[in-house]
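One structure below.
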2 protein chains.
Amino acid sequence: MNTAASTPQTRDRLIAAMLDALRCRGYHGVGLSELLAAAGAPKGVLYHHFPGGKAELAVAAVQLAIDGMLVSLDRLFEKHADPAIALAAWMDGAQKQLRASEFERGCPLATIALESTPNDVAIRGALANGFSAIRAHLAGTLERQGVAAAIAGQIAVLILAAYEGALLQARVAGRTDAIRDTSAALIALINTQIGATK
Amino acid sequence: MNTAASTPQTRDRLIAAMLDALRCRGYHGVGLSELLAAAGAPKGVLYHHFPGGKAELAVAAVQLAIDGMLVSLDRLFEKHADPAIALAAWMDGAQKQLRASEFERGCPLATIALESTPNDVAIRGALANGFSAIRAHLAGTLERQGVAAAIAGQIAVLILAAYEGALLQARVAGRTDAIRDTSAALIALINTQIGATK
DNA sequence: AGGATTATAGACCGACCGGTCTATAGACTG
DNA sequence: CAGTCTATAGACCGGTCGGTCTATAATCCT
């Protein structure tokens, strides 16, 4: 059938394989052959679905990661009325994920972001838009709690930065303390801000 | 002469080349030939100074980066009595560096950290120790300002996380707003903490 | 049914990867 | 000045890189 978008699952498996690779080792860290083996697909199929090759596949994976992140944030803030608690749950989820993978899988966005150069316009563009959307989401939630727009924007950037930075520290340390501590410090900050304007 | 340590500058050029590569493209993003060309050295000299090859060179570069970071933090906190101002200066320096390189060069530690796997024990070890030292440095400074040890530790983790995460966001966005905003939010937090205990 | 389009399959390519090896040059030591 | 050790130099290696190309299978449209 495939009425809406012709997406014959092989394409999805390729994207998933790239996403996992980005989590584990980054863009330059995986070869095409490894990717294709993970997806159970031959070479030709990659260039059929992604004429732009590895780079185009990476952009698709980045897009998927961003969508996933926005959805899970949505769910979290919907579930917990208190944004501080939602944030704590977010960071807690990151801890669990990191531990479950034995500190192998981090955030796919951060890794490829740092590997990218100004010439990689497609990837940097996708990442910039994605980060921007995530920040907007966070800022909007804070504003709805009565935090002034300007302050909310700053805190949103800080939250995203802290999230990525904490994951990074925890990953190389092989322990999740960094995430726990970052979460605690962040929550204290948010509560003073929400409290201040109430 | 070379009385203290036999370090015949070629070694240093190799380390510098690797450090720059880590800033720009990451460990897997550069080839040995490129590295050697940048250092103006032939192949053999690499394996003479670093029998462990590329990986060992990377560890040396990481170590150098950490030392440099600790030194510059030292200078900053020595120069500015108020830690909030010192922090602002730190973030400001990051902005300038990023802009000067046209968003090509970020933090070398973050990049290789995210590319590493749990198997890369040497690199992860060096990074974990380095981050730990930086956090200790920050926490110590806060404690000296009267912040309770437990809180100081948490904030130190947050500061380092925010630094890395802000640089990351700014780099892909091609603008330094993220660093500016992170800096502002962070300083507000620190000032309330220092104020609270005074 | 028949032709066009989409998807799968993998052989094949030149370039470059990280790494080893031998040869030579210099410096220090007796 | 011979002998040793350190440093520089680059040819060379097998393997893998990302990418192209042609062949075939499945699907869709009329």
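Order of the sequence lines fixes the chain letters, A, B, ..., with proteins taken first and strands second; residue numbering starts at 1 for each chain.
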- Query: If you check the B:Pro42 side chain, which of C:dA7, C:dG19, D:dT8 turns out closest?
  - Reply: D:dT8

- Which of C:dG19, C:dA7, D:dG19 is nearest the side chain of A:His48? It is C:dA7

Which whole-number value in Å describes the distance from [X] [atom1] to [N] [atom2]?
| X | N | atom1 | atom2 | value |
| --- | --- | --- | --- | --- |
| B:His28 | D:dC17 | NE2 | C1' | 14 Å |
| B:Asp12 | D:dT8 | CG | P | 11 Å |
| B:Tyr47 | D:dA9 | OH | P | 17 Å |
| B:Met18 | C:dG18 | CE | C1' | 11 Å |
| B:Leu46 | C:dT20 | CG | P | 11 Å |
| B:Gln9 | C:dA27 | CD | P | 13 Å |
| A:Leu14 | C:dA9 | CG | P | 11 Å |
| B:Leu32 | C:dT20 | CG | P | 11 Å |

- Rounded to the nearest 0.5 Å, how far does CZ of A:Arg13 lie from CG of A:Leu36? 10.5 Å

- Item | B:Leu114 side, atom CG; A:Leu168 side, atom CG - distance, nearest 0.5 Å |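 Answer for the CG-CG pair, B:Leu114 versus A:Leu168, is 4.5 Å.
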
- Item | Residue A:Arg175 excluded, over 12 heavy atoms near CZ under 6.0 Å |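 Count not over threshold, so no.
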
Has [X] got a side-chain N or O lying under 4.0 Å from the OP1 or OP2 atom of [N]?
| X | N | result |
| --- | --- | --- |
| B:His49 | D:dT8 | yes |
| B:Thr10 | D:dT8 | yes |
| B:Ser33 | C:dG18 | no |

- Message: Nearest heavy atom decides the nucleotide; on that basis, is A:Val45 or B:Val30 closer to the 5' end of DNA chain C?
- Response: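 Per heavy-atom nearest nucleotide, the more 5' residue is A:Val45.
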
- Task: Any chance you could lay out the side-chain contact (heavy atoms from CB on, under 4.5 Å) test for A:Thr141 and A:Leu138, step after step, and finish with the verdict?
- Result: CA-CA 5 Å; A:Thr141 304; A:Leu138 293 170; 5.8 Å; no

- Query: Heavy atoms under 4.0 Å, any strand shown: does A:Gly44 hit a base, just sugar-phosphate, or nothing?
  - Reply: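 Counting heavy atoms under 4.0 Å across all strands, the contact made by A:Gly44 includes a base.
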
- Check every strand shown and say whether B:Lys43 touches a base, only sugar-phosphate, or nothing at a heavy-atom separation below 4.0 Å.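 Touches a base.
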
- Task: Write down the atom of B:Gly106, the atom of B:Leu98, and the distance for their closest heavy-atom approach.
- Result: CA-CD1, 4.3 Å

- Earlier contact from the 5' end, DNA chain D, for A:Glu34 and A:Pro51: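 Going by which nucleotide is closer to the 5' end, it is A:Glu34.
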
